[in-house]
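See structure below.
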Amino acid sequence: MVSKEDVAHIATIADIGVDESELDLFTGQFNAILDYFDVLDSVPIGGDAAPLRKNVFRDDEVVPSLSHDEVLMNATDPEDGFIRAPRVI
Amino acid sequence: MGSRYSFDNPDPHNAFITICREAEYGEGPLSGIPVAVKDNISTAGIETTCGSNILKGYIPPYDAHVITHLRSAGAAIVGKTNMDEFGMGTTTESSAFGPTLNPADPTRAPGGSSGGSAAAVASGMVQMALGTDTGGSIRCPASFCGIVGLKPTYGRVSRYGLIAYANSMEQIGPLAGNVRDCALLYSVIAGYDPRDGTSLDLPAPAPLKAEIAGKRIGVPAEFFGEGVDPAVAKTVQSGIDRLEGLGAEIISCSMPSMQYALAAYYVTSMSEASSNLGRYDGVRYGTAPDFVRSWHDAYSHIRKSGFGEEVRRRILLGSFALSAGYQGKYYAKAQAARQMVRNDFARLFETVDMLAGPTMPCVALPLGETSDPLSMYLADILTVPANLAGVPAISVPCGTAHNLPVGLQLIGKHRSEDEILSAALAFEEGSV
């Protein structure tokens with residue numbers, strides 16, 4: 001079971017604002033969905049079920065990319081060619 | 001370039017988010033053909049929103065690889081289609097631009113998440129459209145709207161310029177009113193692109209020809225399991241009987257990993273979404289943050305107002321599934337289950353050429369009826385296995401149930417698009 005406090009904690013680390021009124025809704029829904037996910041508890045780890053993955057690397061070659069103006073064209077109020085972000089402290 | 005296609009049709013089903021009333025087109029295999037594009041595929045100079053408030057006003061500075069291909073094939077790109085926000089839904093009702101109506105019955109949803117693309121084709125506004133399929137988002141609306149939709153093999157179509165939801169599963173693919181148009185659009189967009197690290201370098205698609213005789217078609221019992229509407233099952237079964245009548249050999253089989261597929265899909269896609277959607281903070285694109293607030297406060301605020309409820313739910317669940325103490329219980333288990341699905345397909349494809357079953361367990365749902373997220377997720381049970389394994393799958397109309405369209409799904413081996421398109425064409429022509 002996840003609690004309202006668990007959902008609020010996840011919302012904080014994911015930077016997703018959640019209203020107090022939504023916490024009850026999300027908490028109830030999360031418990032129903034996580035109950036369904038419990039079917040995965042019976043999945044064996046290892047053997048044939050071990051995921052097969054491999055990384056494929058390529059050389060890092062410099063190729064033409066977007067221009068400075070194109071990169072900034074969707075940013076709000078860029079300043080001296082830089083994007084703006086909210087203050088950190 | 002040079003010619004212009006005037007596209008001033010009314011849009012009674014809200015299939016489009018953006019309409020390009022004067023679309024340029026050139027010479028090529030798609031010369032002068034109106035093509036609609038799902039609004040999560042980047043189009044230089046044309047607003048691309050992913051159906052979300054958070055990207056309202058975003059103008060991509062570059063074209064997705066598939067758009068470059070469409071333009072060089074001469075297509076007239078007439079607009080960007082409605083979709084569930086960031087592809088997260090099975091009805092197109094989670095769009096910030098209002099729901100799309102199903103042309104087969106405007107009181108019902110068209111399916112999702114590529115519901116706008118499917119409705120644009122089914123209503124005759126366009127001849128063909130691009131959609132994307134992460135867990136069934138091309139095949140579901142194709143089934144519900146009575147058209148053809150193909151999810152290619154993972155890596156067959158470049159994802160460069162596709163705005164990511166769950167990268168390890170999604171593919172761009174065609175929707176069209178018939179198999180020939182679907183195959184034509186597929187042949188234009190398939191191909192190698194070094195800008196997509198998962199792109200496959202394969203020969204061009206073969207010319208389409210109807211071919212089904214002698215094919216061994218497996219029908220897993222689980223595809224007709226619990227939750228499948230008996231009326232849908234009956235229509236699909238009669239479609240499978242028709243495949244047999246056309247000379248295919250029907251073989252009963254089993255896919256035990258189906259019991260894990262839906263949970264594996266949702267844990268994986270939500271986890272990937274929680275990472276991918278971290279980029280939406282309003283700083284580089286999209287709605288601007290409140291610069292007066294502090295960093296986390298500004299981001300929480302903009303991500304609450306910019307994302308809809310379903311997107312926030314999936315980001316939160318994905319963050320939870322990856323968080324300390326739970327990663328082993330959810331994400332790691334989901335990857336093991338995913339491998340079991342792959343292994344089941346590999347085992348079955350040793351003895352059969354393709355699998356057949358219903359695309360969806362139900363017909364199109366009435367608008368406004370899916371308020372419970374889990375019950376909506378359950379509708380994806382028959383489409384997610386192909387995404388987990390990366391194999392190609394097509395939905396082709398096979399009749400009706402409750403007077404609404406029903407899709408037959410054919411799932412092939414990796415890189416067997418030519419084979420399932422040929423089988424779908426034989427089925428379509430044999431059904432006439």
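All values below were derived from every heavy atom in this structure, side-chain atoms included, with hydrogens, water molecules and symmetry-related copies excluded.
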*In terms of heavy-atom pairs under 4.5 Å with chain A, which of B/Ile302, B/Leu262, B/Asp297, B/Leu277 leads?*
B/Leu262
*asked:* Which heavy atom of B/Val283 sits nearest to which heavy atom of A/Pro86, and what is that distance?
replied: CG2-CD, 4.0 Å
*If you count the non-hydrogen atoms of other residues, nucleotides and ligands that lie under 6.0 Å from NE2 in B/His301, is the total more than 12?*
no
*Think A/Arg84 forms a cation-pi with B/Phe291, using NZ or CZ under 6.0 Å from the six-ring centre and within 45 degrees of its axis?*
yes
*Please examine the side chains of B/Val292 and A/Arg87, heavy atoms only from C-beta on, and report whether any two atoms are closer than 4.5 Å.*
no
*Could you look at A/Leu25 and say if it's the side chain, the backbone, both or neither that has a heavy atom under 4.5 Å from chain B?*
side chain
*Where on B/Ser323 is there a heavy atom nearer than 4.5 Å to chain A: the side chain, the backbone, both, or neither?*
side chain
*Among A/Leu72, A/Val2, A/Leu34, which residue forms the greatest number of heavy-atom pairs with chain B at distances under 4.5 Å?*
A/Leu34
*Report the option among A/Ala75, A/Pro78, A/Ser67 that has the most heavy-atom pairs separated by less than 4.5 Å from atoms of chain B.*
A/Ala75
*Check: A/Asp41 and B/Tyr330 side chains under 4.5 Å, non-hydrogen atoms*: no
*Where is the tightest heavy-atom contact between A/Ala85 and B/Tyr299, given as atom of each residue plus distance?*
CB-OH, 4.3 Å
*Which portion of B/His296 sits near chain A, non-hydrogen atoms under 4.5 angstrom*: both
*What's the spacing between B/Leu317 CG and A/Phe30 CZ if we round to 0.5 Å?*
4.0 Å
*If we ignore angles and hydrogens, is there a donor and acceptor under 3.5 Å between the side chains of B/Tyr260 and A/Ser42?*
yes
_Do A/Glu22 and B/Lys304 have side chains that approach each other closer than 4.5 Å (heavy atoms only, starting at C-beta)?_
yes
*Contact class of B/Arg338 relative to chain A, heavy atoms under 4.5 angstrom*: neither
*Please round to the nearest 0.5 Å and tell me the distance separating atom CZ of A/Phe26 and atom CG of B/Leu316.*
6.0 Å
*asked:* Taking every non-hydrogen pair under 4.5 Å, which of B/Ala321, B/Gly57, B/Ser257, B/Ser294 racks up the most with chain A?
replied: B/Ser294
*Heavy-atom pair count under 4.5 Å with chain B, highest-scoring of A/Val71, A/Val18, A/Asp77, A/Val56*: A/Val18
_Contact origin within B/Tyr266 toward chain A - heavy atom pairs under 4.5 Å_ = both
*Relative to chain B, which segment of A/Phe37 carries a heavy atom at a distance below 4.5 Å: side chain, backbone, both, or neither?*
both
*A/Asn74 (side chain) donor-acceptor with B/Gly286 (main chain) under 3.5 angstrom*: no
*Heavy-atom closest pair, residues A/Ile83 and B/Arg284*: CD1-CG, 3.7 Å
_For B/Lys333, all residues meeting side chain to side chain contact (heavy atoms under 4.5 Å, CB included), sequence neighbours excluded_ = A/Leu40, A/Val43, A/Ile45
*Under 4.5 Å, heavy atom to heavy atom: which of residues 4-17 of chain A reach chain B? Give them by number, or say none.*
A/Ile10, A/Ala11, A/Ala14, A/Asp15, A/Ile16, A/Gly17
*Side chain from CB out, backbone as N, CA, C, O: work out which of these in A/Gln29 comes under 4.5 Å of a heavy atom of chain B, or both, or neither.*
side chain
